[in-house]
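Data block below; observations after.
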Amino acid sequence: MKNAEVAEILDKMADLLEFKGELPFKINAYRKASRMISELTEDIETLWQEKRLHEIPGVGKGIQGKIDEYLATGTITEFEQLLQEVPQELFELLTIPNFGPKTAALAYKELGVETLEDLKKVLDDGSLAKLPGMGPKKVENIRKGLELKETAGSRISIGIALPIAEQVIDYMNENAGDILDGLSAAGSVRRFRETVHDIDILAATEQGAEVIRIFTEMPRVTRVLGAGETKGSVIIDDRFQVDLRAVPLQSWGAAQQYFTGSKAHNVRLREIAKKSGYKINEYGIFEGEKTLGGRKEDEIYHLLGMEWIPPELREDRGEIEAAQEGKLPKLVQLKDIKADLHVHSKYSDGQLTLRDMALAMQAMGYSYMAFCDHSKSAFYANGLDEKRLLEQVQEIKALNKEFSDFVVLAGTEVDILPDGSLDFDDEILQQLDFVVASIHSAFKTDPTARTIAAMRNPYVDVIGHPTGRLITRRAGFEIDLERIFDVAGETGTALEVNAYWDRLDLSDVNIRQAIERGIKVAINTDSHHLEHLDMMRLGVGTARRGWAEKKDVLNTFSVDQLRKWQKRNRLGA
DNA sequence: GCCGTTTTCGGCCCGACTGTTTTCAGTCG
């Protein structure tokens, strides 16, 4: 699928046009088209072949022509031309806080700033400060922005950000509890985005300045970026930006709505409000001078004629229309999860014995689980050969006798080998209760064909971490997800939502694509330690962002339902 | 550049903050 490629080019087009000082509305049009395409559940090449590009909201004649040219020739003439007219490192330069397109254009035109190095030079030699409209403070802010980019510039996984948000909330409740009327995460953390740029916390209080003071004086704060009556911004642990915003209690709901975003979702809501003669902002919803609501978040949605929308859906991906029609999905919840179907033990590279892990799972409230340790080719992870695997199966059988209302399944995470075969023969696989098949090596050796071959094995229940991406470290392998979805639909194989914080694979958009095709997903933590078990909520959050309902998620099934599902798929294959 | 039960032309979300201004531009979310 070339959806991501096309979206990236259109977003870069927007950057180029912005740098050139084009009309903001034109720039916005490119940004919107880029976003709609990146979140498309259909393959853009299919739409193109079927001459249906115009059905994408935000894609009109002009942008359609660009996409057409790209898919036909692999390049866009106008894009290539624009690239010639701008600094070499434009896209990099534009990521510097406080250094926007106007300033970048000025620095390029007047001083020839093309790279980060050039920018550092003109900051240091004072030539930037001499330009019209620039002054000592602006220059200082750009310098700080550059530093910030180097220390806290990159996006961080939700798996890292969420615990930090919770620690800040705990700290504030302990140290400012008596002047707080409410405190919660907002922004992309509340929406469970897979990565976040900063951590937003919202406070309800009548004493904003005091709350902000306590916030900026937290022990972990290594730098204060700003502090006022309603807003404080800090860096903690030299790495993570945390913003706290304070509002009075009567604006709590409106502020929650406003600061949770996303921006695209909010823009749509404000358009709808405007058409209905209302105005919404962070303080409430208004008709003329009259305040109609704002203390509770659902008031905003109800007054605009729609259901309250769960934060995970707020991306302008159709959730507003669904809410207007009363057709929002009934999203899967953490309490629906009955099992974790992919965890490791001491047999391979996990830290816990079978018994200790099973007890921990039971304590999580699950009713069953599956051990899926690595297979023999995963030597780096102490993978099990046939003999040790069958020993493990025996130990699991014995272990089950210790539990009355909890079932331990014996499984494997069998390697999909470079030639597409599996690391265990069918004779072994058929003795197991549950089989996850994953690619762990030779990423460049036709992962699509290998995954398809694995799905065609009747004993394979789930494909583990299907795209192989690592959120902070590598893109997934080159895999044709359209074909994977086709075959998964045919064989009834489920696809894993690996909840491990650095994977979150499938991504939210991919999950939505899968379930629209009737494919089941399994949300698994891939845990090796006790502390990993908690990541289930990351997987559930990601699945919710992918519009997954309970029926779409394999591990919301009871163990009996799971066995029926397996039997049907194994016979059908 | 997109879009249309107000419009095929003239709109296109809203506000805070900052710094450089003498009335506003740029950046951010």
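Everything numeric here is computed off the predicted structure, so don't read it as measured data. Sequence lines set the chain letters: A, B, ... in the order given, protein chains first and strands last, and positions in each chain run from 1.
In this structure, of B:dG1, B:dT27, B:dC14, it is B:dT27 that holds the atom nearest to the side chain of A:Thr103. Distances were taken from every side-chain heavy atom of A:Thr230 (C-beta onward) to each of B:dC28, B:dC17, B:dG29; the shortest belongs to B:dC17. Of the candidates B:dG15, B:dT27, B:dG1, B:dG15 carries the atom nearest the A:Glu282 side chain, counting heavy atoms from C-beta on.
With a cut-off of 3.5 Å on both pairing distances, the Watson-Crick or G-U wobble partner of B:dT27 is B:dA16.
No contact: A:Asp200 has no heavy atom under 4.0 Å from any strand. Among the heavy atoms of the strands, none lies under 4.0 Å from A:Pro132. Here A:Pro24 lies out of heavy-atom contact (under 4.0 Å) with every strand. Residue contacts for A:Lys102: at a heavy-atom cut-off of 4.0 Å it reaches the sugar-phosphate backbone alone, with no base atom in range.
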Distances for protein N or O near nucleotides 8-10 of chain B N or O, under 3.5 Å:
none

Atom pairs and distances, donor-acceptor, side-chain atoms in residues 244-258 of chain A, under 3.5 Å, two or more places apart:
| residue | atom | partner | partner atom | Å |
| --- | --- | --- | --- | --- |
| A:Ser251 | OG | A:Tyr283 | O | 3.1 |
| A:Gln257 | NE2 | A:Asn266 | OD1 | 3.0 |
| A:Gln257 | NE2 | A:Tyr301 | OH | 3.2 |

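Taking atom P on both nucleotides, B:dC12 is separated from B:dT7 by 15 Å, rounded to a whole Å. Taking atom C1' on both B:dT21 and B:dG26, the two are 12 Å apart, rounded to the nearest angstrom.
For DNA chain B, the residues of residues 30-52 of chain A within the heavy-atom distance limit of 4.0 Å (strictly under) are A:Tyr30, sorted by number.
Distances shorter than 4.0 Å separate some side-chain N or O of A:Lys279 from OP1 or OP2 on B:dG15.
The base of B:dG15 does not come close enough to the side chain of A:Tyr258 for any donor and acceptor atom to sit less than 3.5 Å apart.
Between the CG atom of A:Leu93 and the P atom of B:dT27 there is a distance of 13 Å, given to the nearest Å.
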